[in-house]
**Student:** 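Here it is, the structure, as C-alpha cells.
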Amino acid sequence: MTSVKQFTPKLWVEEGIAKTMQVASVAPVSAFDRLYSFAIPENLVSAIAPGQRVTVPVGRRGRLIDGFVLDISEREWDTTLKFIDSPIDDRSWIDEHLLELGRWIARYYCAPIGRALAAMVPATVRKQSGFRRVRHIWRAQSLEEIEASVSRIGPKQRILLEALPDGGEAVRADEICERIGVSSATLRETIKRGWVAERIEKHARDAPNFDRPIDEPDFTLNDEQQQACTAVAEAIERREFKVQLLFGVSGSGKTEVYIDAIRRVVAAGRQAIVLVPEIALTTQLVHRFASRLRDVAVIHSGLTGAERSLTWNAIHTGQKRVVIGARSAVFAPCRDLGLIVVDEEQENSYKSQQSPRLHARDVAIKRAQLLNIPVVLGSATPSLETWHNCRVHDHYESIHLTHRVAGLEMPEVEVVDMRYEEHARHGAHLLSRLLEKRLGDALARGEQVVLMLNRRGYAQVLYCPKCKNRVLCHNCKAGMVFHQLTGEAVCHHCFAKIPAPRSCADPSCATRLIPLGLGTERAEAEVRRKFPDARVRRVDSDTMKNVRAYEKVVSDFEARKFDIMIGTQIVAKGLDFPFVSLVGVLSADTALYQPDFRANEGTFQLVTQVAGRAGRARSGGRVVVQTVMGELPALQAATRHDFPAFAERELEIRRETRMPPFTRLTRWVLSDASESILKHAAGEFAETVREACRQLGLSPADVMGPFPCPLERIRRMYRYDILLRTSTAAERAKLLDYLRHEKKLHAKVKRMIIDIDPVSLL
Ligand code: ADP
Ligand code: ZN
C-alpha cells in the first residue's frame, strides 16, 4: 500500500514538476515523546491540515501508527523522508489556538504532545458518530456513450440514467431513487458498470436539544450582584484576559451573575463555556441554564457517542452558543469564544487522573489568556491557590457576594464532639442525641433532611466471613475501624492502632478477613430503625449506577416523595432543595488519618458545602456536624462561615511549611510488582532529579523521597513516591525541560506517572 505512494514523488522530480515538497511534523498518539517529519503526497496536500489525525509509517518495517499533524512547511526535496500514509479525520478539529493550548499542556504537564491533543477531541467526535451518510451520484458518461458501449440497458437502469442531469451534476441518491421509483439494487448495478459515479458525504443530524421554554424569575438583582455583573461585563467588552474570582456564599446568587455575563457574550455573537463538576450536571443546573439561555449544549458522561459527536459538531458550527460541561468541555471547539466560567473552581474533579493530568481550571485560564478573554471562577470556598493569586497577581480580581439573596440567613451550625458523646453514652452511636432530636423535630414539621456520611473518615470493620468475628481492640473489646489509607486498624475509643491483620485470628480458621461496610448502608438501617415512619433513600456510588438513577432520586426528592436523603459526599454538591431544613454530617473527619497537607482545606470545604444545602428557601436552616476533632480550627471557622479567617490561618501554615500555593509540587509515582526493583530504581531516579537540580542551581534538598505511598499497594503493584518542590512554576518548567531534553525522565520500573500540581498525595 505504501509502496505505490513511494513512487509518486519520483515521477514529479523526473518530470521537473516539483523541486520542493510539503513536509508535516507529526506527533504520534502514544507514550513516545518525540516528533517525526513526513512528506505529504501530492494528492493529499489539500486534504491535510494542522491539527488533523493521520496514519504514518514508522520503524524499518513501516508499521502504521496514528499521529497529529502539528505544522506543515515547504522544504527542499528530501528523499530520506517517508510519506504520510493517509488522513484519519476528514477535517481538523483542532484549530490554531487549540493547537497552541495543546503545546502548552504538553510542556506544562510533561506529557507527549500527541497525548495532549488526543485528550482534546473525544474519539466519537473524530469518528463522526451519529452522522448520516448521504450518497451523491452523477452520470459518469453521457447517455450516448453508454448506449454506444453496450447492446442493452435494463429498463429500470435507463429510467435512472435519464433522470440524472446532463453535465455531470451531482444529486442526492436517496431523493432521486425515491422520486422515480428505482431500487438501490439498480443504482448499485449502474455504479458497478461505471455509468454512474458516487460520493459519500457525512451530514450531521441535530444535536440533542436542551432548550426549554424561557422562564424568567421575577426578582431583580441586588446591589452586590449588579456590581459583580458590571465588573464581568467590563472585562468582556474590553476583550481582555482577566481572572475574576466570584467569591460568594452558597445562595448568594452567583449563577445569576454567570447568566448575565453569558447573555452579553451571546448577544455579541460569541460563545461561552461553563465548566461544572460532573456531579452538578444533573437536571437542576441544566434546567436552570436551559430555561434562561438559548442554544445550550451539554457535555456529560451520560451522553452516547453519537450525542457527544453531534454536540461537538454543533458547537463547532456555532449552532450551539453556550456549552455546559464537566472537565472535557474546556476543549469545546468554539470558533469565537468570549468567556469561560468555572463553577466551584476548588473542586478536585477538575483534575484529570489520566495522562495528561491536567487541571481543567488551569487549562481554562490558559485558554482564556491565549484568546484574550476573561475567566470567571465561582466558589463559596475558593482554593487557596486562587485566593492567593488574587492577592499577588494583577490580572486576578476578586469580587465578593457577601450575603445570601432575599434576606436568607446562613444556617446555624452545631458541632457535636463524638468523643464526649461516646463517653457519656458508654459506646459508639451513629446518631448523636442532638442530631437525633433535630431530625425528629424536622420530620415532625414535615421538612426534609439530608444526612451525609464521609465514607473516607468513617471506614469499615474487619470481619471474618466464616467465624463471624470482628477484629477487636485489646483494650476496649470494641470493633476496630479499618483504615485503608494507613493499613491500620484503629480503635475509635482509645485510639490504639495495630497493623490491620489480613486473616482471622483463630489459627484453625485463618480465613481472609473482609472489610465490612460501616458506611452509608449501616447509616440507612440505623435511621430507618430510629424513624420507622420516615421515607429514606440512600444515594451513593453503590445505588447510583448511572446519571439517570441520580437524576431520578434528585427529582423525587424535589417532589417530596421521600423525607431523608442519606449519602456520601455526592449529596453535598450543588443541589438546591427548598424544603431541606436540616443537614447532618455524620462524620466530618476527613482530616483524621489523612496524611495530606490539604486535609484542613478538605474539611472546611466539606462542611461549608453541606451547610449550603440547608435552608435555601426559608430561614432557620440548621446543620449538625459530628466529629471527633471539634477543636480543629478549620472546623471552627466553617461553623462561623468564615472563609477569610480560615484562609488566613491556613495560608500561614502553608507558608511556614513551604507548601502550595507558596511553592509548586510535582509528584512521581513509580510502581512495580517487585518491591526491591522498585526501591532501587526509584532511588536512582530521585538521584537523577537531584543531580539535575544541582546542574541548574536549584536545591537538591527539595527532592523528597523515594518513600512508600500512603496507599502502598494497589492491584498487586508496589508504589513509591518522589516529591519535588520548586519555588515557582518557571523553575519547575526549566528543570523538567532539562530532564526531558537529556532523556532522563524515566525509571526502570513497570510504570511511572508524573503529576504536576497534584491535588492529592494519596
Ligand atoms: P449560588 O449559585 O451563589 O449558590 P444561586 O444563583 O443558585 O446562588 O441563587 C440561589 C437562589 O436564589 C436561586 O433560586 C436564585 O433563583 C435565587 N436568587 C438569585 N438572585 C436573587 C435575587 N437577587 N433575589 C431573589 N432571589 C434570587
Ligand atoms: Zn480501644
Side-chain angles (χ1 to χ4, degrees), residues 212-233 244-263 272 274-277 279-293 296 322 324 339-347 361 375-383 386 398-411 448 450 554-555 557-559 571-581 583 604-621 623 638 641 643:
R212 322 183 94 210
I214 289 285
D215 178 15
E216 283 300 319
D218 48 15
F219 52 76
T220 50
L221 298 186
N222 62 34
D223 288 352
E224 281 188 335
Q225 282 173 311
Q226 280 177 12
Q227 280 161 19
C229 290
T230 309
V232 177
Q244 297 179 306
L245 168 64
L246 185 59
F247 167 50
V249 295
S250 68
S252 59
K254 295 186 288 294
T255 313
E256 293 300 322
V257 178
Y258 304 156
I259 289 173
D260 182 82
I262 295 165
R263 284 186 169 157
V274 185
L275 297 183
V276 294
I279 203 63
L281 273 178
T282 49
T283 39
Q284 278 197 336
L285 183 103
V286 170
H287 282 181
R288 200 161 150 201
F289 277 104
S291 60
R292 307 284 299 281
L293 302 158
V296 170
V322 182
I324 305 175
L339 173 73
I340 307 178
V341 173
V342 186
D343 192 29
E344 305 286 352
E345 63 90 24
Q346 81 288 350
E347 275 289 321
R361 174 199 60 214
V375 193
V376 175
L377 309 180
S379 180
T381 57
S383 64
T386 298
S398 86
I399 304 168
H400 294 207
L401 300 180
T402 53
H403 303 294
R404 278 191 159 183
V405 292
L408 286 182
E409 297 291 317
M410 288 302 284
Q448 290 178 305
V450 171
V554 167
S555 63
F557 200 46
E558 267 180 317
V571 305
K573 301 207 168 151
L575 297 173
D576 192 356
F577 302 112
F579 298 102
V580 171
S581 67
V583 176
F604 187 91
Q605 287 169 354
L606 178 83
V607 173
T608 307
Q609 247 166 25
V610 286
R613 301 308 115 221
R616 300 267 287 191
R618 59 175 74 194
S619 55
V623 179
H641 312 290
F643 177 80

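Atoms within each ligand, like the ligands themselves, are counted from 1 in listed order.
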**Student:** Minimum heavy-atom separation for P213 to S291, with atom names?
**Tutor:**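 Heavy atoms only, the tightest pair is O-CB, 3.6 Å.
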
**Student:** Any chance the side chains of E224 and T402 put a donor and an acceptor closer than 3.5 Å?
**Tutor:**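 Short answer, yes.
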
**Student:** Just distances here: any N/O of V405 and N/O of ligand 1 closer than 3.5 Å?
**Tutor:** no

**Student:** Check this for me, if you would: do E345 and K254 make a salt bridge, where the nitrogen-to-carboxylate-oxygen distance has to be below 4.0 angstrom?
**Tutor:**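 Answer for the salt bridge query: no.
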
**Student:** I want to know if ligand 1 touches S250 in the polar sense, i.e. an N/O pair below 3.5 angstrom.
**Tutor:** no

**Student:** Against ligand 1, does V249 come closer than 4.0 Å with any heavy atom?
**Tutor:**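 Yes, that is the case, since the closest heavy atom of the residue is under 4.0 Å from the ligand.
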
**Student:** Heavy atom of G248 under 4.0 Å from ligand 1?
**Tutor:**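 Per 4.0 Å heavy-atom rule, G248 does not contact ligand 1.
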
**Student:** Check each heavy atom of R292 against ligand 1 and say whether those closer than 4.0 Å belong to the side chain, the backbone, both or neither.
**Tutor:**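 R292 to ligand 1: no contact under 4.0 Å from either part.
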
**Student:** Kindly say whether the aromatic ring centers of F604 and F643 come within a distance under 6.0 Å.
**Tutor:**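 Ring centroids of F604 and F643 are less than 6.0 Å from each other.
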
**Student:** Should F219 be counted as touching ligand 1, given the test is an N or O pair under 3.5 Å?
**Tutor:**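 Looking only at distances, the answer is no, because the N/O contact criterion of under 3.5 Å is not met.
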
**Student:** Charged N to carboxylate O below 4.0 Å: is that the case for E344 and R361?
**Tutor:** no

**Student:** Would you say R263's side chain and R292's backbone share a donor-acceptor pair under 3.5 angstrom?
**Tutor:** yes

**Student:** For E256, counting its heavy atoms only, list the atoms of ligand 1 lying under 4.0 Å from any of them.
**Tutor:** 6 (O), 16 (O), 19 (C), 20 (N)

